[in-house]
Amino acid sequence: MTETEALETHLQELRRGTVVLACLRLLAEPGYGYGLLEELGARGFDTDANTLYPLLRRLEKQGHLVSEWNTDEARPRKFYRTSAAGSRLAAALTADFRAIAAAIDALPKEH
């Protein structure tokens, strides 16, 4: 494995949980999958559809998201929104993320 490949692997692992948190926080306002995918990318959370859609279904099954179909347009869209349980999870994850970031900042600096 090259150094670049190793870095990409570790970055992917590091970012995996942050996408969950980003989705929960962004979906405080209702949104649909493709729009969320674009917003995540614009905010620096590079994610592909093959990762996002299973994540949305899993979070919904766990009760952290609720969904409804909007059939007002020519093409029906499934809109997601963070549930009360999802908001509590987002708050807990945000607090933990901030504690981890502070702990990392307190580590010796790299050379």
Side-chain angles (χ1 to χ4, degrees):
M1 178 180 284
T2 68
E3 190 172 327
T4 301
E5 290 169 335
L7 175 61
E8 285 302 315
T9 297
H10 290 291
L11 286 174
Q12 183 179 16
E13 291 175 12
L14 184 62
R15 292 178 179 150
R16 188 168 285 136
T18 61
V19 171
V20 171
L21 178 54
C23 287
L24 291 171
R25 290 186 52 171
L26 289 171
L27 290 172
E29 297 293 324
Y32 62 98
Y34 185 74
L36 180 61
L37 193 62
E38 288 184 327
E39 187 159 3
L40 286 166
R43 292 174 178 266
F45 295 92
D46 291 327
T47 307
D48 63 36
N50 292 330
T51 300
L52 182 63
Y53 290 105
L55 171 64
L56 293 174
R57 287 190 296 273
R58 183 171 43 102
L59 289 172
E60 183 179 22
K61 185 176 181 181
Q62 293 170 347
H64 301 299
L65 295 178
V66 293
S67 69
E68 62 183 49
W69 284 96
N70 179 344
T71 57
D72 294 341
E73 299 175 23
R75 195 168 142 219
R77 290 182 177 170
K78 188 175 188 179
F79 278 76
Y80 293 91
R81 182 177 42 83
T82 304
S83 67
S87 294
R88 290 189 299 274
L89 176 61
L93 292 175
T94 298
D96 199 53
F97 183 86
R98 288 185 175 140
I100 291 168
I104 290 171
D105 282 344
L107 292 171
K109 304 298 180 221
E110 66 277 359
H111 298 138

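Because the structure is predicted, anything quoted here is derived from the model rather than measured.
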### Query
Which is it for Val19 and Thr51 under the side chain to side chain contact (heavy atoms under 4.5 Å, CB included) test, yes or no, and what are the steps along the way?
CA-CA 10 Å; Val19 171; Thr51 300; 5.6 Å; no
Closest contact, heavy atoms only, [X] versus [Y]:
{"X": "Leu40", "Y": "Ala22", "value": "CD2-CB, 3.6 Å"}
{"X": "Pro76", "Y": "Thr71", "value": "CB-CG2, 4.1 Å"}
{"X": "Pro54", "Y": "Ala49", "value": "CD-O, 3.8 Å"}
{"X": "Ala85", "Y": "Gly63", "value": "CB-O, 3.7 Å"}

[X]: partners by side-chain contact (heavy atoms from CB on, under 4.5 Å), with sequence neighbours left out:
{"X": "Glu5", "result": "Met1, Thr2"}
{"X": "Leu11", "result": "Leu7, Glu8, Arg15"}
{"X": "Ala95", "result": "none"}

Please list all pairs passing the side-chain hydrogen bond (donor to acceptor under 3.5 Å, both in side chains) test where one or both residues lie in residues 79-99, with sequence neighbours left out.
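Listed once each, the pairs are Arg25-Thr94.
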- For residues 6-46, which residue pairs qualify under ring-ring contact (aromatic ring centres under 6.0 Å, His included), counting only residues two or more places apart or in two chains?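 Listed by first then second residue: Tyr32-Phe79.
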Got a sec, which pairs hit ring-ring contact (aromatic ring centres under 6.0 Å, His included) with one end in residues 47-74, sequence neighbours left out?
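For residues 47-74: none.
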Worksheet item: What residues, two or more places apart in sequence or in another chain, satisfy salt bridge (Lys or Arg N to Asp or Glu O under 4.0 Å) together with Arg43?
Response: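 Partners of Arg43 under the salt bridge (Lys or Arg N to Asp or Glu O under 4.0 Å) test: Glu39.
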* Asked: Nearest 0.5 Å, what's the CG-CG distance between Asn50 and Leu55?
  ->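 Going from CG on Asn50 over to CG on Leu55, the span is 12.5 Å.
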**Q.** CG-CG distance between Leu89 and Leu59, expressed to the nearest 0.5 angstrom
**A.**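 If I round to the nearest 0.5 Å, the distance is 8.0 Å.
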- Message: With a 4.5 Å cut-off on side-chain heavy atoms, are Leu27 and Leu56 touching?
- Response: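 Heavy-atom side-chain distance check passes, below 4.5 Å.
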- Close side-chain approach of Leu52 to Cys23, heavy-atom, < 4.5 Å: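 A side-chain contact exists here, since the closest heavy-atom pair is under 4.5 Å.
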Qualifying salt bridge (Lys or Arg N to Asp or Glu O under 4.0 Å) pairs with a residue from residues 45-60, counting only residues at least two apart or across chains
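Passing the test, one end in residues 45-60: Glu60-Lys78.
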With sequence neighbours excluded, residues passing side chain to side chain donor-acceptor pair (under 3.5 Å) with Glu68: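 Side chain to side chain donor-acceptor pair (under 3.5 Å) list for Glu68, sorted by chain: empty.
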(request) Determine, using the 4.5 Å side-chain heavy-atom cutoff (strictly less than), whether Val20 and Val66 are members of one ILVMFWY cluster. (result)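 In one cluster with Val20: Val66, no.
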Check: So does Glu3 have more than 12 non-hydrogen atoms from other groups sitting under 6.0 Å from CD?
Finding: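 For Glu3, atom CD is not crowded (no more than 12 foreign heavy atoms under 6.0 Å).
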